[in-house]
Amino acid sequence: MDVFALFASRVANALQVLYPEVGAELLARIVVEPPRDAAHGDLSTNAAMVVAKPLGKNPREVATALVEHFKHDADVTSVEVAGPGFINFRLADAIWHQVLRSIAAQGADYGRSNLGGGEAVNIEYVSANPTGPMHVGHTRGAVFGDTLASLMAYSGYEVTREYYINDAGSQIDTLARSTFLRYREALGETIEIPSGFYPGDYLVPVGQALKAEFGTKLLAMPEPEATAIVKDRVLVAMLELIKSDLALLNIHHDVFFSERQLHGQGGDIDLTLEWLRSKDMVYQGHLDRPKGGDTDGDYEDREQTLFRATNFGDDVDRALIKSDGSYTYFAADIAYHRNKFIRGFKHMINVLGADHSGYVKRLQAAVKAVSLDAADMDVRICQLVRLMKNGEPFKMSKRSGDLVTLADVVEEVGADATRFMLMFRRNDASMDFDFALVKEQTRDNPVFYVQYAHARTFSIFRNAGKELPALDFSAEALKVAEIERIVTSAELDLVRVLAAWPRTVTAAAIAHEPHRIAFYVHDLAAAFHGFWAKGKDDVQLRFVNVEDPKLTLARLALVNAVRQVIVNGLTILGVSAPDELS
RNA sequence: GGUCCCGUAGCUCAGUUGGAUAGAGCGUAGGAUUCCUAAUCCUAAGGCCAUGAGUUCGAAUCUCAUCGGGGUCACCA
């Protein structure tokens, strides 16, 4: 049950009774939300102000009529006009009791919605080049994409988590050559790794595996043949490495899509170019010298095969074929996104790093073109993460040269803290990630703070078991607890926070902003800690009351509701909810 | 130069897609532990929402310009 959605529909109904001429597009602009200042009541709506002008009426006049209407609503204890025409509602306790009952009844599904209506959405994230282990720069996008995917799935979308493997470029040839050196090393040669090659130790086992499989046979083969074999083997190995790194954060993709499969004669790129040409989206032409950007002076005026990206909102048209005749990366990407569209995705989300922000318009232009404007593409840019330790920039290197790897971070602070901290910030703001802070077990550390709140719900139950051994507080007993006994303002304020969960999830899903889930869970934890502490000052507010088992049971139902909503939030975030902290 | 992101308390950040007197945490000052985990809570001080205009009943939020910080620009991937 979503209190806000419930009253939004009641307000809309009331308006249609009072002013039948009000149209649907106007009703859509009406918002029912919690007022910023709790003193204004439980709910507030701008309905009168939205509707007044088109009706040619004064907002307060409309508001007064609505107020009269809601005076007969049994769930409303007071309703009044405020300010320029807001209508503020105060709700009967019974509404909050219903919220608690619906949390108990819905459990893990409380907050789940059918916003997406089962529509398919493709979320592409990580897509790091398969040339080595994941480094910390990939981690934010990985966590963001995975959490967004969970959020969308929770909101009724059919989600596909996709990884695009950039396995077709020249960096893969370099990778293969680097691996071949490791193979020779495994055969006993002393090798030297030239600059520009991949120096990381992670290629050593790949070289050894090649030795085990082929002995010295690869040395005798013609080079192209050997390179092809090495390339195949090393790509598989790198992908396994990446998968195992992602698994450290419990991230698993549904589809690993290889760029290589798009290339080749009669492949997707060929077909896509043919299609683009048939739609007159490609032409031969010249590009201007990049203004101020031609720093290395390698610009050369030349006739090129260009995609009419400017017709779809991009700043310049984009090259599709390189001077050596091969396709550009972008050409492959157009084909890739056409492939997504053909697979049935009308909604696509790409999660990219800050260094790709210049790529956004191009990508959106491509999707618009290949879908003939039938698909939408949202690109979420994750800004940089600076690793810090006690306020100092932090360097750590174990597995791959100078880079800090994802595995290093997880080993240092754990998967839960990594995930939560990265989501405790808007994706489009850069952030400092302080190891020292994340390892601290105080309220400065939001992960810990939330997990502590969850553990506290368990400790209350453990304690209730000791103090009232005869009390049955199984799930079934809690469902029939006398919720009406929840009447104090301190308790009801906590329920108000719980009531905001469904609208928080929905708003986060619409905006593609999973960080709101992290902030909500943190707020809920704060409300719960605050209520808990009130029991210190006022014995009457403690959860466990030996004199009154029925009241205790009602309050345990409240505690259980808090526990449930924290779990629902942490589940979307992919963070564990321990019963006890050690 | 074009383009994208950011600019909110001393610091780190939220701000419910345009709502009412702009909120948290840290830090600072004070307070609460015979009592459900003080790993917590409560109170106070602290603001020209970078600047200027515009849009309207109403702007931190939308538009434009300016200033400052960062990313990016290509036949790289």
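Chain letters run A, B, ... following the sequence lines, proteins first, then strands; residues in each count from 1.
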Going by the angle between their ring planes, with limits at 30° and 60°, are [X] and [Y] parallel, tilted or perpendicular?
X        : Y        : value
A/Phe307 : A/Phe312 : parallel
A/His454 : A/Phe458 : tilted
A/His356 : A/Tyr359 : perpendicular

Using a cut-off of less than 4.0 Å, is there contact between a side-chain N or O of [X] and OP1 or OP2 of [N]?
X        : N      : result
A/Arg362 : B/rA74 : yes
A/Ser357 : B/rC4  : no
A/Gln171 : B/rA77 : no
A/Lys361 : B/rC4  : yes
A/Lys534 : B/rA32 : no

Could you pull out the protein-nucleic contacts involving nucleotides 14-17 of chain B (nitrogen or oxygen on both sides, under 3.5 Å)?
{"residue": "B/rA14", "atom": "OP1", "partner": "A/Arg426", "partner atom": "N", "Å": "2.9"}
{"residue": "B/rG15", "atom": "OP1", "partner": "A/His515", "partner atom": "NE2", "Å": "3.0"}
{"residue": "B/rG15", "atom": "OP2", "partner": "A/Arg426", "partner atom": "NH1", "Å": "3.3"}
{"residue": "B/rU16", "atom": "O2'", "partner": "A/Arg503", "partner atom": "NH1", "Å": "3.4"}
{"residue": "B/rU16", "atom": "O2'", "partner": "A/Arg503", "partner atom": "NH2", "Å": "3.4"}
{"residue": "B/rU16", "atom": "O2", "partner": "A/Arg503", "partner atom": "NH1", "Å": "2.9"}
{"residue": "B/rU16", "atom": "O4", "partner": "A/Arg36", "partner atom": "NE", "Å": "3.3"}

What is the distance from [atom1] of [X] to [atom2] of [N], rounded to the nearest Å?
X        : N      : atom1 : atom2 : answer
A/Trp532 : B/rA38 : CH2   : C1'   : 8 Å
A/Leu175 : B/rA77 : CG    : P     : 15 Å
A/Tyr449 : B/rA24 : OH    : P     : 12 Å
A/Asn58  : B/rG58 : CG    : C1'   : 15 Å
A/Met49  : B/rA20 : CE    : P     : 10 Å
A/Glu61  : B/rC57 : CD    : C1'   : 15 Å
A/Phe448 : B/rU37 : CZ    : P     : 14 Å
A/Tyr452 : B/rC36 : OH    : P     : 11 Å

Between [M] and [N], how far apart are the [atom1] atoms? Round to whole Å, please.
N      : M      : atom1 : result
B/rC6  : B/rC13 : P     : 13 Å
B/rG18 : B/rU55 : C1'   : 11 Å
B/rG7  : B/rG52 : C1'   : 16 Å
B/rU63 : B/rC26 : C1'   : 36 Å
B/rC75 : B/rG68 : C1'   : 35 Å
B/rA65 : B/rA74 : P     : 23 Å
B/rC49 : B/rA14 : C1'   : 13 Å
B/rU17 : B/rA77 : P     : 43 Å

Please confirm whether A/Phe424 and A/Phe519 have ring centers closer than 6.0 angstrom.
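That pair passes the under 6.0 Å test.
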Aromatic contact between A/Phe473 and A/Phe461, with the criterion being ring centroids under 6.0 Å apart: yes or no?
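Yes.
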Would the base of B/rA77 count as contacting A/Asp167 through its side chain, where contact means a donor and an acceptor less than 3.5 Å apart?
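It does not, because no donor-acceptor pair links the side chain of A/Asp167 to the base of B/rA77 below 3.5 Å.
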Side-chain-base donor-acceptor pair under 3.5 Å for A/Ser44 and B/rA20:
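Between B/rA20 and A/Ser44, which were checked side chain against base, a qualifying N/O pair under 3.5 Å is present.
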Flag, side chain of A/Arg555 to backbone of A/Arg542, donor-acceptor distance under 3.5 Å:
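The answer is yes, because a donor-acceptor pair under 3.5 Å joins these two groups.
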Is there a donor-acceptor contact under 3.5 Å from the side chain of A/Asp317 to the main chain of A/Ala309?
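Side chain of A/Asp317 to backbone of A/Ala309: a pair is present.
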Just wondering, do A/Phe86 and B/rG19 stack (centres under 5.5 Å, planes under 30°)?
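Ring-base stacking flag not set for A/Phe86 and B/rG19.
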Closest-nucleotide 5' rank along RNA chain B - winner of A/Leu384 and A/Asn463:
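Mapping each residue to its closest nucleotide by heavy atoms, the 5'-most match is A/Asn463.
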Need to verify one output field. Residue with the more 5' nearest nucleotide on RNA chain B, A/Gly83 or A/Asp523?
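Looking at RNA chain B, the more 5' nearest nucleotide goes with A/Gly83.
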Base, sugar-phosphate, or nothing: which does [X] touch, judged by heavy atoms less than 4.0 Å apart?
X        : value
A/Lys53  : sugar-phosphate
A/Ala354 : sugar-phosphate
A/Arg318 : sugar-phosphate
A/Pro59  : nothing

Under a 3.5 Å cutoff on both atom distances, Watson-Crick or G-U, what's the dot-bracket for RNA chain B ([ ] crossing, | other strand)?
(((((((..((((.....[...)))).(((((.......))))).....(((((..]....))))))))))))....
Of the listed nucleotides B/rA77, B/rA20, B/rC75, the one nearest the side chain of A/Asn88:
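Side chain of A/Asn88 sits closest to B/rA20.
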Would you indicate which nucleotide in B/rC36, B/rC41, B/rA38 comes nearest to any side-chain atom of A/Arg456?
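Nearest nucleotide to the side chain: B/rA38.
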List the residues meeting salt bridge (Lys or Arg N to Asp or Glu O under 4.0 Å) with [X], not counting sequence neighbours, and say none if there are none.
X        : result
A/Asp42  : A/Arg496
A/Asp376 : none
A/Asp268 : none

Side chains of [Y] and [X]: any donor to acceptor distance under 3.5 Å?
X        : Y        : answer
A/Ser44  : A/Asn88  : yes
A/Tyr164 : A/Asn350 : no
A/Thr488 : A/Glu491 : yes
A/Tyr452 : A/Arg456 : yes

A/Arg318 charged N/C atom sitting above A/Phe330 aromatic ring, 6.0 Å / 45°:
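No, A/Arg318 and A/Phe330 do not form such a contact.
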Do any N or O atoms of the protein come closer than 3.5 Å to N or O atoms of nucleotides 33-35 of chain B, and which pairs are they?
{"residue": "B/rC35", "atom": "O2'", "partner": "A/Arg542", "partner atom": "NH1", "Å": "2.6"}
{"residue": "B/rC35", "atom": "O2'", "partner": "A/Arg542", "partner atom": "NH2", "Å": "3.3"}
{"residue": "B/rC35", "atom": "O2", "partner": "A/Arg542", "partner atom": "NH2", "Å": "2.2"}

